Amino acid sequence: MIETKLLEKTCEAVKHLYGHEIGTGAIGLEKTKKEIIGDYTIVVFPLLKISRKSPEATATEIGLFLRDHVKEIIEFNVIKGFLNLVLSDHFWMNFLVKNFSHPDFGFHKTRHERPVVLEYSSPNTNKPLHLGHIRNNLLGFSLAEILKANGHKVVKVNLVNDRGIHICKSMLAYMKWGNKETPASTGMKGDHLIGTYYVLFNKNYKAEMLNLIEKGLTEAEAERQAPLIMEAQEILRKWEAKDIETVDLWKTMNGWAYEGFDATYRRLGVDFDKIYHESKTYLLGKSLVMEGLQRESLIQKEDGSIWADLRDEGLDEKLLLRSDGTSVYMTQDLGTAQLRYDDYHPSSMIYVVGNEQNYHFDVLKRVLVKLGKAYAAHIQHLSYGMVELPQGKMKSREGTVVDADDLMDEMFKTAEETTRELGKANELSETEANNLFNKIGMGALKYFILKVDPKKNMLFDPRESIDFNGNTGPFIQYTYARIQSLLGRANAAGFRCEDENVLLQLPLLPLEKETIVRLYQFQAAVIQAGDEMSPAVIANYLYDLAKGFNQFYQELPVLKEIIEEKVALRILISKFTGDIIKKSMNLLGIEVPERM
RNA sequence: GGUCCCGUAGCUCAGUUGGAUAGAGCAACAGCCUUCUAAGCUGUGGGUCGCGCGUUCGAAUCGCGCCGGGAUCACCA
């Protein structure tokens, strides 16, 4: 890319002019600010110690050297310590002509042998997915696409938390109050049906606790002694003992949950290459811990419980096996890490998990190191922030969760209303219309969530719903649809690509050039998004691209332009923009409609 | 209490490997459809970048100390 060349040539300039060898890292190269003439700017302040001259003189000397030694640079200007370089129109035209028809532009061919294992979603089978899971799923899916675009093989895995006390709670409530209901008999999605029992358990559990507290128990005592929780624990023991009835019910209810999840995943447009079940991996975790104990990298206490001692690393002791020999969350995660490593020998293992588990992953890595696992160094935690509601954090018990399926229904409805109001569904068949509403609704939702830096907490206000104007998914989809319409007309009118050599000589108007420059930046955006594991980089790039194109489209005629070569040029720009919008949207897991 | 994260316009967010007058969208107001889709474009107003000190030629960005918000530190997951 041209950036690399500019950096290297600047180093040469410094060596030639001042006799100093410097690395490209010592040079500040950035895009020139909008108001100033130029494409790239070199900040020369850091070089003054070497040049021993004024900022202006240094910048001018380097500018002269670059102009003479880099054929793409046709002129430059100096403002204080800023050297602004102007690249030739020919350079930008050449880029456009050489790349616009290249389907893989901006993407790298697979260049890493070992795959990346990417875990995301990881639901519990005791309740349906909510808005927080949506963020997780969208991030995970998008990140997979971004990594593929950067030349990685990606294995998407889902670790289902299908065992444990929380699962038993739903089971118990169902046994007590379920009346043999099924998804079929109630017409409810399986995961939602199970969710009602989870809620029911908590309601009654809370009532029992209050009762006990009234009788003089402390809260902690009540929590442990309430009959319901003790019954749930009994179910857990039966499950671990492989009691047939218990295991059967567990299988049945989990089956309902899976059916429900599958439907939600399909609608969200996410998928997995491999599904792990905690019920099948926790035993491997146990054996890893026992090995570690034998090798004396772990410690056992008098009551039989096994721990990792991390005190000399500034952390605490961490329990890995309970005194009764049963496993905890960490045990299970050690097992799945090992399993994944054995299954794929990946170059890295990425976990898309909320930032509330930062400590967990810190400990996980350290314990794996203690167990002598070299792959611990390649575990990465994509730690994303919480989705908050105007009232604060979502809490299932207080009924303030935004359900994933409900939300998607809402989005669809809003998309339908808005589209009909605008009269844009009039000529569509029902299937086509529903298809469009779905694309728009999901596009709005996905873009809304992915445009925020994953690391940050974000706010979701269901009342205001999601806008379809401004910096939104539908805005970008609309830009794409407009381009397709334009290209359709161009095609119908029989416009064909002009002779390349003619185009290469064309002078560019500012809006034309700005748009081409943005297209060029797609390559850097893909790389940056991969490095930072951030779909938001793509989303922000996309908005900039679409916004800029709309300006171009508004100000300059394409098909109505008089100069034939300009028509060809602008069609080329439009086509390339459309292609990159589509590719970028796909990196976010968002579809674009041909008409809207 | 220990550790970690966050604090930018009324609201939601960009910008944070230190660089030029801090940017968008929404909301408000004012314009632009006899010309390629107005889910669009243009313009106006709106800021002690939480506060203070420091490092630097230069700080929203780095360091330290406060203030405010959040997460986490379970024989929960």
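Note that this is a predicted model, so its numbers are computed, not measured. First the proteins, then the strands, lettered A, B, ... as listed; each starts at 1.
- At the phosphate of B:rC36, neither OP1 nor OP2 sits under 4.0 Å from any side-chain N or O atom of A:Ser485.
- When heavy atoms are screened at a 4.0 angstrom cut-off, A:Tyr329 is found touching base atoms of the nucleic acid.
- Closest approach to the A:Asn471 side chain among B:rC36, B:rG25, B:rU21 is made by B:rG25 (side chain taken as heavy atoms from C-beta onward).
- Contact between the side-chain N/O atoms of A:Arg482 and the OP1/OP2 oxygens of B:rA39 is not found at any separation under 4.0 Å.
- Close to B:rA39, at under 4.0 Å from its OP1 or OP2, lies a side-chain N or O of A:Tyr478.
- Among the nucleotides B:rA20, B:rC26, B:rU72, the one closest to the side chain of A:Glu356 is B:rU72.
- Between B:rA74 and A:Arg322, no contact under 4.0 Å exists linking OP1 or OP2 to a side-chain N or O.
- In B:rC53 the base sits anti relative to the sugar, since the glycosidic angle is further than 90° from 0.
- Judged by atom type and distance alone, A:Thr41 reaches the base of B:rA20 through a side-chain donor-acceptor pair under 3.5 Å.
- The aromatic rings of A:Phe437 and A:Phe412 sit perpendicular, their planes meeting at an angle over 60°, well past the 30° parallel limit.
- Separation of the C1' atoms belonging to B:rC49 and B:rA60 is 5 Å when rounded to the nearest angstrom.
- For B:rC36, the OP1/OP2 oxygens have no side-chain nitrogen or oxygen of A:Arg570 closer than 4.0 Å.
- In terms of phosphate contacts, A:Tyr480 brings no side-chain nitrogen or oxygen within less than 4.0 Å of OP1 or OP2 of B:rU37.
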Could you list the protein-to-nucleotides 3-11 of chain B atom pairs, N/O on both sides, closer than 3.5 Å?
none

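- Using cut-offs of 30° and 60° on the angle between ring planes, the pair A:Tyr282 and A:Trp239 is tilted.
- Near RNA chain B, meaning a heavy atom under 4.0 Å from it, residues 539-549 of chain A has A:Asn540, A:Tyr543, A:Lys547 in order of number.
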Restricting both atoms to N or O, compile the protein contacts to nucleotides 32-35 of chain B shorter than 3.5 Å, with distance only.
unit_1 : atom_1 : unit_2   : atom_2 : d
B:rU35 : O2'    : A:Lys560 : NZ     : 2.2

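- Distances were taken from every side-chain heavy atom of A:Pro46 (C-beta onward) to each of B:rU42, B:rG19, B:rA39; the shortest belongs to B:rG19.
- At a cut-off of 3.5 angstrom, the base of B:rA39 holds no donor-acceptor pair with the side chain of A:Thr479.
- Evaluation of the salt bridge (charged side-chain N to carboxylate O under 4.0 Å, His left out) rule for A:Asp362 yields A:Arg366 as partners, not counting sequence neighbours.
- With salt bridges taken as basic N to acidic carboxylate O contacts below 4.0 Å, one links A:Lys413 and A:Glu410.
- Residues that satisfy the side-chain hydrogen bond (donor to acceptor under 3.5 Å, both in side chains) test with A:Lys566, not counting sequence neighbours, are A:Glu512.
- Stretches of at least 3 consecutive Watson-Crick or G-U wobble pairs, with each checked distance under 3.5 Å, appear in RNA chain B as B:1-7 with B:67-73, B:10-13 with B:23-26, B:28-32 with B:40-44, B:50-54 with B:62-66.
- Donor-acceptor pairing under 3.5 Å, judged by distance alone, is absent between the side chain of A:Lys33 and the base of B:rU21.
- Residue contacts shown for A:Pro55 are absent, as no nucleic acid heavy atom lies under 4.0 Å away.
- Applying the 4.0 Å criterion to OP1 and OP2 of B:rA39, one finds that A:Gln477 has every side-chain N and O outside that range.
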